[in-house]
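For ligands, and for the atoms within them, numbers begin at 1 and follow the listed sequence.
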Amino acid sequence: MKILILNAGSSSQKSCLYDLTNNQLPDHPPEPIWKADIDWTVTKGQGILTVKANGIKQKITLNSDDHRQGIFKMLDTLVDGEIQVIDKLSEINIVGHRVVHGGTDYSEATLITPEVKAAIARLIPLAPTHNPSHIEGIEAIEQVLETVPQVAVFDTAFHSRMPVESAAYPIPYEWLEKGIRRYGFHGTSHKYCAEKASQLLNQPLNSLKIITCHLGNGCSLAAIKDGISIDTTMGFTPLEGLMMGTRSGSIDPAILIYLIREYKFTADQLNTMLNKESGFQGVSGISADLRAIVEALNEGNSRAQLAFDMYIHSLRSHLGKMLGSLGGLDTLVFTAGVGENSAIVREKTCEAFEFLGLKLDSEKNNNSPVNMDIATDDSTVRILVIHTQEDWAIAQECWQLYQSKIDT
Ligand code: ADP
């Protein structure tokens with residue numbers, strides 16, 4: 001069985017193809033047989049398509065910024081040239097899309113129908129940089145594979161059962177009724193990590209209180225009880241919560257009012273400042289990448305040091321918030337680019353919670369752990385580093401929907 005995954009962002013299109021022999025879900029995530037990535041940010045009016053398959057890596061320049069044509073070109077590489085992996089596109093059984101915003105309507109992976117497409121389009125005002133790219137991807141597939149089932153896996157779905165007191169903002173109630181509430185994001189990753197934690201610890205998911213820390217370019221925490229996300233740091237948009245690579249995370253909303261009144265900021269200027277020019281990038285003036293920040297602070301750069309200290313402070317204080325929501329903690333999970341790779345971030349974060357009896361084993365922490373418990377034996381809380389596999393999680397959802405479709 002062949003499952004194609006499309007993960008479209010505002011400035012990139014990532015994609016991969018899984019081939020499940022015997023139509024079985026393997027116990028461990030398999031490697032995709034083909035991976036492709038279009039980066040639309042390198043040169044204006046162009047895209048760079050990178051494809052990896054058959055042990056070969058190819059870079060192709062797309063001489064247009066037409067995203068739909070880019071997707072067609074990307075799909076061509078599946079069936080043509082030296083990196084060809086299948087004979088014809090019709091061998092693909094199902095296509096899964098990562099969709100950032102599903103509003104309150106979708107609490108699980110859903111087969112894409114005209115109604116689902118209309119709902120994704122209706123939610124564009126809530127995810128203006130992502131949902132249009134998802135529609136584009138869905139329609140491109142419709143054009144080349146008219147009858148293939150397509151599945152939407154929503155980033156918001158895992159958080160859709162958050163209790164209303166976690167989801168609502170303390171503003172006039174009518175706005176809650178109009179959809180201004182916390183939705184939460186990175187849901188596929190938080191869910192995957194919670195399930196993987198239960199597997200690694202060999203304990204049922206519904207017996208665990210877990211905090212998952214998804215720390216990539218975007219960062220969010222989720223408080224998970226009985227397998228359900230009961231609180232999370234991202235909110236109405238992925239801007240709320242933790243300090244991130246280029247995003248500010250939560251700030252006093254009155255700052256925006258002040259900037260509008262005193263500096264005549266427009267909505268677009270505020271959007272750019274808070275989403276693209278803040279976080280590590282904005283504070284350090286060096287980079288959005290933690291590796292560059294650590295290098296600079298080791299050379300004595302004081303703004304890099306400040307950016308790092310603020311990041312840790314933000315992480316610790318939001319962890320405190322999640323702890324309060326959970327009323328206890330069995331397992332702390334670190335995942336994504338920073339969470340999986342930065343021993344110093346894990347160490348500094350855990351230090352603040354030693355009073356709980358949570359103890360990090362520094363040798364394990366410093367030894368590039370993957371899918372491993374890095375707490376000491378006598379720690380009261382397990383500390384896991386889990387390699388998140390969002391594409392594989394989407395493929396699993398597709399497999400399950402495909403099987404239920406065959407069964408009915
Ligand atoms: P995205 O959120 O775009 O999916 P990732 O989860 O891949 O991103 O995380 C990217 C970030 O991870 C980079 O910006 C970088 O700061 C961080 N990162 C990656 N590798 C390392 C490393 N070895 N040490 C510290 N940080 C790292």
Side-chain angles (χ1 to χ4, degrees), residues 5-16 29 32 35-42 50 52 98-100 127 129-130 133 153 155 184-193 196 212-222 232-234 237-249 275-298 304-305 307-312 314-315 333-349 365-371 374 385-394:
I5 306 298
L6 258 70
N7 183 342
S10 52
S11 55
S12 69
Q13 169 70 64
K14 293 180 185 162
S15 197
C16 66
K35 270 177 155 178
D37 183 351
I38 307 176
D39 186 346
W40 296 108
T41 61
V42 182
T50 309
K52 286 185 213 161
R98 172 196 173 216
V99 178
V100 164
T129 54
H130 284 92
S133 312
V153 179
D155 257 20
F185 298 88
H186 291 144
T188 309
S189 173
H190 288 299
K191 182 175 178 223
Y192 175 85
C193 289
K196 188 81 184 172
T212 43
C213 309
H214 179 106
L215 309 175
N217 283 315
C219 303
S220 71
L221 309 179
T232 189
T233 55
M234 282 182 171
T237 73
L239 183 55
E240 196 184 1
L242 298 167
M243 172 175 161
M244 311 182 207
T246 60
R247 283 174 248 170
S248 61
N275 275 300
K276 303 233 156 72
E277 298 169 355
S278 296
F280 274 140
Q281 176 68 57
V283 177
S284 72
I286 294 170
S287 171
D289 193 314
L290 174 65
R291 287 165 288 196
I293 300 293
V294 171
E295 207 178 297
L297 73 85
N298 284 336
Q305 184 70 56
F308 182 81
D309 292 346
M310 285 170 65
Y311 184 83
I312 298 297
S314 165
L315 197 44
V333 177
F334 289 97
T335 192
V338 173
E340 291 173 35
N341 295 299
S342 176
I344 184 77
V345 164
R346 294 191 296 259
E347 182 191 313
K348 293 282 173 201
T349 308
N365 184 43
N366 287 309
N367 225 356
S368 307
V370 183
N371 296 336
I374 55 167
V385 178
I386 293 181
H387 173 44
T388 193
Q389 304 245 29
E390 285 163 295
D391 288 342
W392 175 239
I394 296 172

Any idea which protein heavy atom is nearest atom 4 (O) of ligand 1, and the distance to it?
K14 NZ, 4.8 Å

Among all protein heavy atoms in this structure, tell me which lies nearest to atom 16 (O) of ligand 1, with the distance rounded to 0.1 Å.
L290 N, 2.9 Å

Establish whether atom 18 (N) of ligand 1 and some protein heavy atom are separated by less than 4.0 angstrom.
yes

Candidate pair F334 and N365, rule side-chain contact (heavy atoms from CB on, under 4.5 Å), full reasoning:
CA-CA 11 Å; F334 289 97; N365 184 43; over 6 Å; no

Please state which protein non-hydrogen atom is closest to atom 5 (P) of ligand 1 and give its distance, to 0.1 Å?
G337 N, 3.7 Å

Exercise: do S220 and H190 side chains pair donor with acceptor under 3.5 Å
yes

Shortest non-hydrogen separation from T246 to N275 and the atoms involved
OG1-O, 2.8 Å

Within a radius of less than 6.0 Å around NZ of K196, do more than 12 heavy atoms belonging to other residues, nucleotides or ligands occur?
yes

Residue, atom and distance of the protein heavy atom nearest atom 24 (N) of ligand 1 read R291 CG, 3.5 Å

Please walk me through it: do I386 and T212 pass side-chain contact (heavy atoms from CB on, under 4.5 Å)?
CA-CA 10 Å; I386 293 181; T212 43; over 6 Å; no

Counting both backbone and side chain atoms, is some N or O of D289 under 3.5 Å from an N or O of ligand 1?
yes

Under 4.0 Å from a heavy atom of A336: which atoms of ligand 1 are those, numbered in the order shown and with their elements?
6 (O)

Those atoms of ligand 1 less than 4.0 Å from some heavy atom in V338
12 (O), 16 (O), 17 (C)

Atom 23 (N) of ligand 1 - nearest protein heavy atom and its distance
N341 CB, 3.3 Å

State whether the side chain of S314 and the backbone N or O of M243 hold a donor-acceptor pair below 3.5 Å, judged by distance alone.
yes

Between ligand 1 and N217, is the shortest N or O to N or O distance under 3.5 Å?
yes

Taking S12 for its side chain and I38 for its backbone only, find out whether a donor-acceptor pair lies under 3.5 Å.
no

Can you list the ligand 1 atoms lying under 4.0 Å from a non-hydrogen atom of G218?
2 (O)

Do K14 and D37 come within less than 4.5 Å of each other through their side chains, counting heavy atoms only?
yes

